[in-house]
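Fair warning: this is a prediction, and the values are worked out from it, not measured in the lab.
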Amino acid sequence: MHAEKMSKSKNKQRTLETILNNLKCFLCLEEFQDPRLLNCHHSFCKECLDGYITTVCDDGVLECPLCDSEMKVPEKGARSLRKNYFYHLQQQDIGEYCQVCGEEEEAKKHCIECNQDFCLSCVKSHAGMTATREHHLLKVGHSANKQQIKHNLYCKLHPEEKLIYQCKDCRDLVCQHCNATTHKQHASNYVKDVAEFNRTKLKDIVNSEEYVNYLCWMAEKKMEISQEVNRFKGAQQTAEDEIQKHSETLHHLVEQVKNELMSKVREMTKENVKPIKNQVKELDRKIMSAASIYQFAKHVTVQGDDIAVVGYSHKLVAKLEKIKSDNSIPIINRGNTFYFEAKQVDEKDIRPLYGAVKPGIPVEKDTKPELIHDFEIGNEGTVVSAILPLDDGRAWVVEGTEGVLKLYDNSGRIHKSLHLGLPADDIIEGPNSSILVSCNSGKVIKAVDKQLQLTTLISTPVCARGLAMDPKSGTVYICMTEKNAFFDHDVTHNNKVVKTMTGDNKRWELPDILEFSTHPTVEYPARVVVTKNSFVAISDWKRECVTVLNPGGHIEAEFYGLKKNAENYFNPRGLCSDPNSGYLYATDYNNSRIMKLDEDGHVFDVVLNKADKIQLPWSVALGRDGALWVGSRTGKISVYYLNG
């Protein structure tokens, strides 16, 4: 376990170093030359920016090529923008002796702008000249990348006064004279004091796992999406081989049909690969954007002096938080490439019997789900109560007993975390991009908005367990039980599934909730889902069955076991629905299986079992990208692709 964590940490560090070491100017895709900073803190070569301004920014607005932030085009072009002194510090030619006074005096400081070394005497002269007194200095004999770059700024109104205060009202740097006059009605702090606070705040973000996890996740997503090109090309090659093999059997009669199908394969490849390549390009932009800001922030925390930290940090903190909240990372539906489906050929009617190129996965390759990742989320006693996959491929995970929500990617990296203050049970998507969480023993349903602000949506008279929402009607279904534990149930309890409506004209209060499943009887409804056709499926932990009700509330199917007198009886816990196929997936806890069910009661198949690393499964959820997330009673999550 410890060795596995160490290995993942090293891999993450290698990925981060690879991203940062390969940062280049986004405009020329080459190493930075005289990099200049835009107001959004992204850097580009000076010459590239001048060319970009000339050719693109004819309306006087400079839009950042990486993040689309806008600023006014500088009057003097890119040369009037601030230099990014943190790049290429190792390229500075630092010697041992002063290069100015002509005597063999030991060099103490190196000026980045002048690219010269100075002894103490020459440093004083250099600092005393108006043209050079604001230059950036490095200590000689220290690693350039591990020291603060010192420089001073002087007041434009009082040229002999250094800017040593920050006005808290205006956020401007001011000199002592301005602080006592123009800004005397404003509160202010010494730059040194503000810098210490801001440096710590910025450092906490730069050193946090979440931002590094986000960068590594985006790089991993880029790789996954890039691999889709190879999958389609592999499908193309396989399809072409099958077509060729079939055509050899039919000789000259099938040449025309063969050529038509070959063309179709290539067209389908081109059609499907083009948007994937665009997604790769967009991810390149996002990765470079996020990594550039991250690296600049990291440099500011380590090498920026107080002035630099004060000047950059408040925008950088906002920028880093905004980037980390970006949920627009694309996903790929792995379910569909294409294949060639051959048919028996009648010489009299070749074309309809020859076959066709179709989207999908070849039948002979439609095997069990493919394990992508499995990882531990906590101690052995951590219960993965519920999982909510997001559109970007990540998933919110409910650590039930601890009452914690964590946003994971499928490699096990944590991106966000939220403490609910109560043990939690189930989680679903709510209205207006919110998520809803049931806190069973707390007898409440909480709502979490996009800013991770937590509110109590409903207080329930009994325990609130499973949740489900029908996106077609806006109906929310709630499992209500009198006891928090299913083994405490007795026949006097009025456990049931109830429903309420969402929307602008609806209310969440309990008087609006309608009873739904008092008939048929449910003994302990712990999980509920809505299927493709608005059927309602209930996981009853006391009766040990899954009951499927049609929209009218009548029984459509009940699942108790694989056979009438099955030795290994069905022991359902978690439940989810595939919105595309309509199938249900249920965790069979005692038997360590994932079962596939249908609305009509005709399908009851084992999808995964112990041989697939399934052990005491407690929760299951299916993402729109075809990823099946399985959470265990012992704090383990496994992620599979369903392959059709």
Side-chain angles (χ1 to χ4, degrees), residues 1-24 26 40-43 66-67 84 86-87 145-146 198-226 282-304 309 312-313 315-331 372-378 390 392-397 404-418 452 637 639:
M1 181 72 173
H2 178 70
E4 183 180 351
K5 286 185 177 181
M6 289 289 291
S7 177
K8 286 184 177 181
S9 177
K10 288 180 180 178
N11 289 337
K12 182 166 63 177
Q13 189 59 37
R14 279 195 294 267
T15 302
L16 178 63
E17 290 174 359
T18 299
I19 294 172
L20 298 182
N21 291 337
N22 285 282
L23 280 176
K24 293 179 173 60
F26 187 68
C40 60
H41 300 122
H42 282 124
S43 297
L66 282 173
C67 69
N84 185 345
F86 301 118
Y87 277 114
N145 284 335
K146 295 182 180 179
N198 289 357
R199 190 191 303 273
T200 299
K201 186 175 182 180
L202 190 58
K203 200 171 185 179
D204 288 343
I205 294 179
V206 170
N207 292 337
S208 71
E209 286 270 330
E210 291 183 357
Y211 199 86
V212 174
N213 286 346
Y214 188 79
L215 278 174
C216 293
W217 173 68
M218 282 199 294
E220 187 178 273
K221 280 297 173 186
K222 175 193 169 185
M223 184 180 298
E224 286 182 13
I225 294 174
S226 299
E282 179 61 17
L283 266 181
D284 261 329
R285 189 172 84 112
K286 286 181 175 288
I287 292 171
M288 189 171 289
S289 172
S292 178
I293 291 295
Y294 174 81
Q295 188 181 63
F296 181 66
K298 191 170 184 178
H299 284 320
V300 168
T301 61
V302 176
Q303 298 170 264
V309 171
Y312 296 133
S313 60
K315 284 188 176 181
L316 281 175
V317 170
K319 191 74 179 179
L320 289 167
E321 293 291 350
K322 181 180 179 182
I323 289 173
K324 194 176 69 173
S325 298
D326 181 9
N327 294 321
S328 63
I329 307 304
I331 62 174
I372 303 303
H373 288 292
D374 59 349
F375 54 90
E376 304 287 342
I377 69 166
L390 302 181
D392 60 17
R394 295 179 291 181
W396 282 105
V397 173
V404 178
L405 297 184
K406 290 182 181 176
L407 181 62
Y408 284 91
D409 60 38
N410 62 20
S411 296
R413 291 181 290 254
I414 300 172
H415 294 256
K416 296 177 183 177
S417 183
L418 177 66
L452 299 189
I637 291 177
V639 186

Decide yes or no for [X] and [Y]: does some side-chain heavy atom of the first lie under 4.5 Å from some side-chain heavy atom of the second?
X      : Y      : result
Ile377 : Val397 : yes
Tyr214 : Asp409 : no
Arg394 : Trp217 : yes
Ile205 : Val317 : yes
Leu407 : Leu390 : yes
Val300 : Ser313 : no
Trp396 : Lys406 : no
Cys67  : Lys319 : yes

_Test log, rule ring pair (Phe, Tyr, Trp, His ring centres under 6.0 Å), inputs Tyr408 and His415_ = CA-CA 6 Å; Tyr408 284 91; His415 294 256; 8.7 Å; no
Please give me the minimum heavy-atom distance between [X] and [Y], naming the atom from each residue.
X      : Y      : answer
Val404 : Ser417 : CG1-OG, 3.8 Å
Ile19  : Ala291 : CG2-CB, 3.6 Å
Val309 : Gly304 : CG2-O, 3.8 Å
Lys416 : Ser325 : NZ-CA, 4.1 Å
Leu202 : Ala297 : CD2-O, 3.9 Å
Leu66  : Met288 : CD2-CB, 4.1 Å

*asked:* If only side-chain N and O atoms count, and only distance matters, is there a donor-acceptor pair under 3.5 Å linking Ser292 with His42?
replied: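 Distance-only check fails for His42 and Ser292.
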*For atom NZ of Lys203, is the number of surrounding heavy atoms from other residues, nucleotides or ligands below 6.0 Å larger than 12?*
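Not more than 12 within 6.0 Å, no.
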*asked:* How about NZ on Lys322, more than 12 heavy atoms from neighbouring residues, nucleotides or ligands closer than 6.0 Å, or not?
replied: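 12 or below, so no.
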Please round to the nearest 0.5 Å and tell me the distance separating atom [atom1] of [X] and atom [atom2] of [Y].
X      : Y      : atom1 : atom2 : result
Asp284 : Ser226 : CG    : OG    : 7.5 Å
Leu215 : Leu20  : CG    : CG    : 7.0 Å
Gln295 : Asn84  : CD    : CG    : 8.5 Å
His373 : Asn410 : NE2   : CG    : 5.0 Å
Thr15  : Met218 : OG1   : CE    : 12.5 Å

*Fit a plane to each ring of Tyr312 and Phe296, take the angle between them on a 0 to 90° scale, and name the class: parallel (under 30°), tilted (30 to 60°) or perpendicular (over 60°).*
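Perpendicular.
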Can a donor-acceptor pair be found, under 3.5 Å and without considering hydrogens, that links the side chain of [X] to the backbone of [Y]?
X      : Y      : result
Ser289 : Arg285 : no
Tyr294 : Val212 : no
Tyr211 : Ala290 : yes

Identify whether the distance between the nearest side-chain nitrogen and carboxylate oxygen of [X] and [Y] falls below 4.0 Å.
X      : Y      : answer
Glu220 : Arg413 : yes
Lys324 : Glu210 : yes
Lys221 : Glu224 : yes

_side-chain contact (heavy atoms from CB on, under 4.5 Å) evaluation trace for Leu316 with His41_ = CA-CA 8 Å; Leu316 281 175; His41 300 122; 3.6 Å; yes
